[in-house]
Q: 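Following this message is one structure expressed as structure tokens.
Residue numbers begin at 1 in each chain, while the letters A, B, ... track the order of the sequences.
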2 protein chains.
Amino acid sequence: MKNRLEELRKARGVRQEELAAALEVSRQTIGSLENGRYNPSIVLAFKIARYFGLTIEEIFIYD
Amino acid sequence: MKNRLEELRKARGVRQEELAAALEVSRQTIGSLENGRYNPSIVLAFKIARYFGLTIEEIFIYD
DNA sequence: TGCGTATGTAAAGTTAACTTTCCAATTCAC
DNA sequence: GTGAATTGGAAAGTTAACTTTACATACGCA
């Protein structure tokens, strides 16, 4: 599972900490997702998609 | 998180056990998802979406 | 150079998404 | 109605997605 989180976050000029607060998760969770240490839960994936105004499939790439 | 799993599965005339095998999870996992005992991981959600030829958003409803 | 800000990541703990096993409850064909 | 197939769901165990804490690294900028 790859994702476009870092790319999308930077495109919006938002810090990991800001994104984390908006999504109600820890900064470490954002970092871990961006660096591929683990996958989001489906609930978090929905929150992320909603935050960026995209679909889950547009952000997370499952091969 | 609601989902249309049971509806979609029955529409295809497939048993829980068959769907479970196709998705490489246990039958109990399918039953638990259908009856709302827990949410799928994002990986399983992708597998389910792919199986039914739909997007995650078309199957799982996050309010 | 040195400081403030942002990020990387490890350790240890909690919780929820799974597993296997088991049995009870439906449903369906005959 | 009986028996077989299907589903519901509990119990106990494992794993991965989180948490908090802590510290190290990198990167402007005065």
Q: Rounded to the Å, how far apart are Gln16(B) CD and dA5(D) C1'?
A: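 In whole Å, dA5(D) C1' and Gln16(B) CD are 12 Å from each other.
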Q: From CD of Glu17(B) over to P of dT7(D), roughly how many Å is that when rounded to an integer?
A: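 Going from Glu17(B) (CD) to dT7(D) (P), I get 8 Å.
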Q: Checking side-chain polar atoms at under 3.5 Å, does Glu6(A) have a donor or acceptor matched by the opposite partner on Gln16(A)?
A: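 There is no such pair (donor and acceptor under 3.5 Å, judged by atom type) between the side chains of Glu6(A) and Gln16(A).
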Q: Does Glu7(A) have any side-chain hydrogen bond (donor to acceptor under 3.5 Å, both in side chains) partners at least two apart in sequence or in another chain, and if so, which?
A: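 With sequence neighbours excluded, Glu7(A) shows a side-chain hydrogen bond (donor to acceptor under 3.5 Å, both in side chains) to Arg4(A), given in chain and number order.
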Q: Show the numbers, then the answer: is there a salt bridge (Lys or Arg N to Asp or Glu O under 4.0 Å) between Glu18(B) and Arg9(B)?
A: CA-CA 10 Å; Glu18(B) 290 178 294; Arg9(B) 177 181 60 81; over 6 Å; no
Q: Kindly check if the number of other-residue, nucleotide or ligand heavy atoms within 6.0 Å of CD (Glu58(B)) is above 12?
A: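 Yes, enclosed.
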Q: Is the closest side-chain donor-acceptor distance between Ser32(A) and Thr29(A) under 3.5 Å?
A: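 Note: Ser32(A) and Thr29(A) side chains miss the donor-acceptor criterion.
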Q: Taking atom C1' of dA6(C) as reference, at what distance in whole Å does atom CG of Asn35(A) sit?
A: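 Taking atom C1' of dA6(C) as the reference, CG of Asn35(A) is at 13 Å.
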Q: What nucleotide among dT6(D), dT7(C), dG9(D) has an atom nearest to a side-chain atom of Arg15(B)?
A: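 Comparing dT6(D), dT7(C), dG9(D) against the side chain of Arg15(B), the answer is dT6(D).
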Q: On a heavy-atom basis, which atom in Asn39(A) and which in Met1(A) lie closest, and how many Å separate them?
A: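 Nearest heavy atoms, Asn39(A) then Met1(A): OD1-CB, 3.2 Å.
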Q: Could you encode protein contacts along nucleotides 11-30 of chain C as a string, one character per nucleotide from 5' to 3', using B for base contact, S for sugar-phosphate-only contact and - for no contact, with a heavy-atom cut-off of under 4.0 Å?
A: ------SBBBBB--------
